[in-house]
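Working notes for the structure below.
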Amino acid sequence: SNPLEYTLGNTNAAVIKVLLTPDQWSDVNGQLGTTDPADFTATLLRIGAIGMTFGGGCFFSHGVYLDSGSATLTVTDMTLND
């Protein structure tokens with residue numbers, strides 16, 4: 001989603017809910033679905049699979065990074081509700 005973000009910290013747990021609306025999602029280049037809402041809606045109607053990626057800073061879907069040390073990221077659930 002874009003512009004929603006969550007910065008991970010020590011022992012954080014988060015539930016993130018985002019509506020499937022053009023103003024809440026962008027492509028890998030940061031182009032929002034509002035640029036072409038009809039295309040965004042058409043894409044929703046043709047979903048064949050859903051994936052999840054993580055990014056940081058200005059890098060969409062290019063991985064989570066650390067400033068130092070080590071960490072574990074655990075995703076326990078992903079749900080799509082219509």
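Quick note: numbers below take in every heavy atom, side chains included, and nothing from hydrogens, waters or symmetry partners.
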Please output the side-chain donor-acceptor pairs of residues 30-47 that fall under 3.5 Å, not counting sequence neighbours, one pair per line with the distance.
unit_1: Gln31; atom_1: NE2; unit_2: Thr35; atom_2: OG1; d: 3.2
unit_1: Thr35; atom_1: OG1; unit_2: Leu32; atom_2: O; d: 3.0
unit_1: Asp36; atom_1: OD1; unit_2: Asp39; atom_2: N; d: 3.2
unit_1: Thr41; atom_1: OG1; unit_2: Pro37; atom_2: O; d: 3.1
unit_1: Thr43; atom_1: OG1; unit_2: Asp39; atom_2: O; d: 2.9
unit_1: Arg46; atom_1: NH1; unit_2: Ala42; atom_2: O; d: 3.4

Which pair of heavy atoms, one from Val18 and one from Gln24, lies closest together, and at what distance?
-> CG1-CB, 3.7 Å
Any residue meeting side chain to side chain contact (heavy atoms under 4.5 Å, CB included) with Thr74, in chain and number order, not counting sequence neighbours | Thr72, Thr76
Is there a path from Met78 to Trp25 through hydrophobic residues (I, L, V, M, F, W, Y) whose side chains come within less than 4.5 Å of each other?
-> yes
